[in-house]
Amino acid sequence: MKSEPLIEVVDLARYYEMAGTIIKALDGVNLEFYRGEYVSIVGPSGSGKTTLFNLIGGLDRPTRGKVYVDGVDLAELDSYELAWLRCRKIGYIFQNFNLIGVLTALENVALPTIFAGLPWEEGLRKAEELLRLVGLSDRLRHLPSELSAGQQQRVAIARAMVNDPDIILADEPTGNLDHETGSRIIGLLQRLNRERGVTIIAATHDVEMIEGSDRVVWLRDGRVEKIEVK
Amino acid sequence: MTGDSTHFGLIDAFRLGLRYIRGRGQAPVNIASISLASAFYAYMVLMGIGTQTLRTYRLWLLSVAVVVAAVSMATVMLISVYERYREIGVLKCLGALDRHVFLLLIVEALIQGLIGGGIGILLGFASTLISNTSTPLSGVNYLGLSSTLPLSTLISMASSLYPAYRAMRLNPIEALRYEV
Ligand SMILES: Nc1ncnc2c1ncn2[C@@H]1O[C@H](COP(=O)(O)OP(=O)(O)OP(=O)(O)O)[C@@H](O)[C@H]1O
Ligand SMILES: [Mg+2]
């Protein structure tokens, strides 16, 4: 299994300058993520988890170092190619779900297929299939405001999956959920990882989530403190 | 990776724009201001521009109505962009390019301009009927009347250029950080 890494992070650094002082959000991180892995990123608030995700997703450019996705150096991609990467290769899941308020569950899930160039009807069909997979086939026409937090996060997971990405970046996906609901979301992510082979990288404080992962990366002050193989 | 990029065409912008117009509170405000200016224009087309003194007076009133509509539209669209700050960030995260976001906002303006113009024509027509019952329907300047629509969409789209530009330039990382 240990062949070419799907994502390779080399000496990655991201500094912010704030009122004359330099904040080292990430400072020389080296990591490899392999296809089909389930990796948890753990670290105290401010340790650089979100910053790392922004760099892997090509939303941000590093101060120093490289990110390779499928062997491609992200620094060599222009903004069009980076948008394509975010659309087709990577799915995002956020702590606060970030669904589009005026779209139904079905339309929310289908939205990324527009950017992928799929005909709308085809996108809706795929969306329906994924909503069934996450157990929401009876909530297709509901708006996010009409769904519970756990249901919203399941819609968000379906949306992240709709363009068949290789990678899912989940930034504290259970952070806004109660324990039991969070548990179900974790189970769902693990199932997607096992059954569909999607690589999951999740920033989390959730013990249950950490327990279920293949590896745990501990970040502190923008550096990798340790890597634990489960 | 492939040199390919993401897609978001005019039809997609209409589809999403219509959802936003339907689902958010600001559209009626925009449509009202555009339709008032359009009604005034339509009324003048129907009634004729009038004698010398009346003409200056009416043209002046029309310009005021247009400016008020444009300023109001720009303000409300800007508010709408800020309220959607996070959602626009999400769109960019899912693959939207800057120009896709711009297109979405301009298409929203176009739709509201068309609806406002349409209502304006009806309002203008109604007010001529009230003030001048003798106008025969056959004498109506339909061509002049239909010029209300290009005017209303132009006002609407022009005043949304700046809000659309702001939306386009928004940084998705900051937008996603933005806690509600
Ligand atoms: N735009 C910015 N300007 C200045 N400093 C920033 C900016 N973004 C992040 N930082 C700083 O970088 C560091 C890492 O932030 P990051 O958001 O990556 O942490 P995190 O591990 O995701 O924390 P949390 O668990 O609270 O989400 C923090 O010290 C933060 O204050
Ligand atoms: Mg974070």
Side-chain angles (χ1 to χ4, degrees), chain A residues 14 50-51 53-55 57-61 69-74 76-92 94-104 107-108 110-120 123 143-145 156 159-160 162-163 165 169 171, chain B residues 1-27 80-105 107-108 111 167-180:
Chain A
R14 177 69 168 96
T50 301
T51 305
F53 281 9
N54 289 340
L55 291 168
L59 282 171
D60 196 7
R61 303 268 188 189
V69 175
D70 245 352
V72 176
D73 180 359
L74 294 196
E76 276 164 21
L77 302 184
D78 60 26
S79 56
Y80 301 95
E81 292 166 317
L82 286 174
W84 186 89
L85 173 95
R86 286 197 293 277
C87 181
R88 306 299 297 269
K89 282 248 160 198
I90 298 177
Y92 290 87
F94 307 92
Q95 179 170 350
N96 33 29
F97 328 131
N98 281 334
L99 299 175
I100 304 297
V102 298
L103 299 182
T104 64
E107 292 166 340
N108 260 290
L111 181 64
T113 67
I114 294 180
F115 299 118
L118 233 62
W120 183 236
L143 293 174
S145 58
R159 178 178 71 181
V162 76
N163 283 333
L169 297 178
D171 199 348
Chain B
M1 319 224 139
T2 59
D4 207 355
S5 189
T6 51
H7 307 254
F8 189 73
L10 206 54
I11 294 171
D12 304 315
F14 264 95
R15 188 172 283 124
L16 190 54
L18 274 172
R19 300 293 195 286
Y20 268 120
I21 287 172
R22 231 181 32 200
R24 296 175 59 81
Q26 292 101 345
S80 164
V81 165
Y82 283 121
E83 283 187 1
R84 273 188 273 172
Y85 207 66
R86 176 185 278 279
E87 291 198 0
I88 294 168
V90 173
L91 291 182
K92 288 190 170 185
C93 201
L94 297 177
L97 297 171
D98 287 1
R99 62 178 157 88
H100 297 156
V101 173
F102 189 82
L103 179 69
L104 172 66
L105 270 292
V107 163
E108 283 182 28
I111 297 168
M168 168 180 113
R169 294 303 305 257
L170 163 168
N171 175 355
I173 301 174
E174 266 169 42
L176 291 169
R177 256 177 202 287
Y178 206 73
E179 284 303 325
V180 206

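Values below: all heavy atoms of this structure, side chains included; hydrogens, waters and symmetry mates excluded. Chain A is the first sequence line, chain B the second, and so forth, proteins listed ahead of strands; every chain is numbered from 1.
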Please test A:Val102 against B:Arg84 for side-chain contact (heavy atoms from CB on, under 4.5 Å), starting from the C-alpha separation and ending with a verdict.
CA-CA 11 Å; A:Val102 298; B:Arg84 273 188 273 172; over 6 Å; no
Show, in sequence, the C-alpha distance, side-chain angles and deciding distance for B:Leu94 and A:Arg159, and conclude whether the side-chain contact (heavy atoms from CB on, under 4.5 Å) test is met.
CA-CA 9 Å; B:Leu94 297 177; A:Arg159 178 178 71 181; 3.9 Å; yes
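B:Ile88 CD1 to A:Ile100 CD1: the interatomic distance, rounded to the nearest 0.5 Å, is 9.0 Å. Atom NZ of B:Lys92 and atom CG of A:Leu59 lie 10.0 Å apart (nearest 0.5 Å). Between atom CG of residue B:Leu176 and atom OH of residue A:Tyr92 there is a gap of 9.0 Å, rounded to the nearest 0.5 Å. Once rounded to the nearest 0.5 Å, the distance linking CG of A:Leu85 with OG of B:Ser5 reads 11.0 Å. Residue A:Ile114 holds its CD1 atom at 11.5 Å from OG1 of B:Thr6, rounded to the nearest 0.5 Å. A distance of 6.0 Å separates CG in B:Leu91 from CG in A:Leu111, rounded to the nearest 0.5 Å.
Of the residues considered (A:Pro112, A:Ala116, A:Gly101, A:Ala83), A:Ala83 shows the highest number of contacts with chain B, using heavy-atom pairs under 4.5 Å. Among the candidates B:Ala96, B:Pro172, B:Gly89, the residue making the largest number of heavy-atom pairs closer than 4.5 Å to chain A is B:Ala96.
For B:Leu97, the part sitting under 4.5 Å from any heavy atom of chain A is the side chain, from C-beta outward, and nothing else. Looking at A:Asn54, only its side chain comes within 4.5 Å of chain B, counting heavy atoms on both sides.
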Distance-only donor-acceptor hits, side chain of residues 9-22 of chain B, under 3.5 Å, sequence neighbours excluded:
residue	atom	partner	partner atom	Å
B:Asp12	OD2	B:Gly9	N	2.9
B:Arg19	NE	A:Glu107	OE1	3.4
B:Arg19	NE	A:Glu107	OE2	2.8
B:Arg19	NH1	B:Arg15	O	3.4
B:Arg19	NH2	A:Glu107	OE2	2.7
B:Tyr20	OH	B:Glu87	OE1	2.5

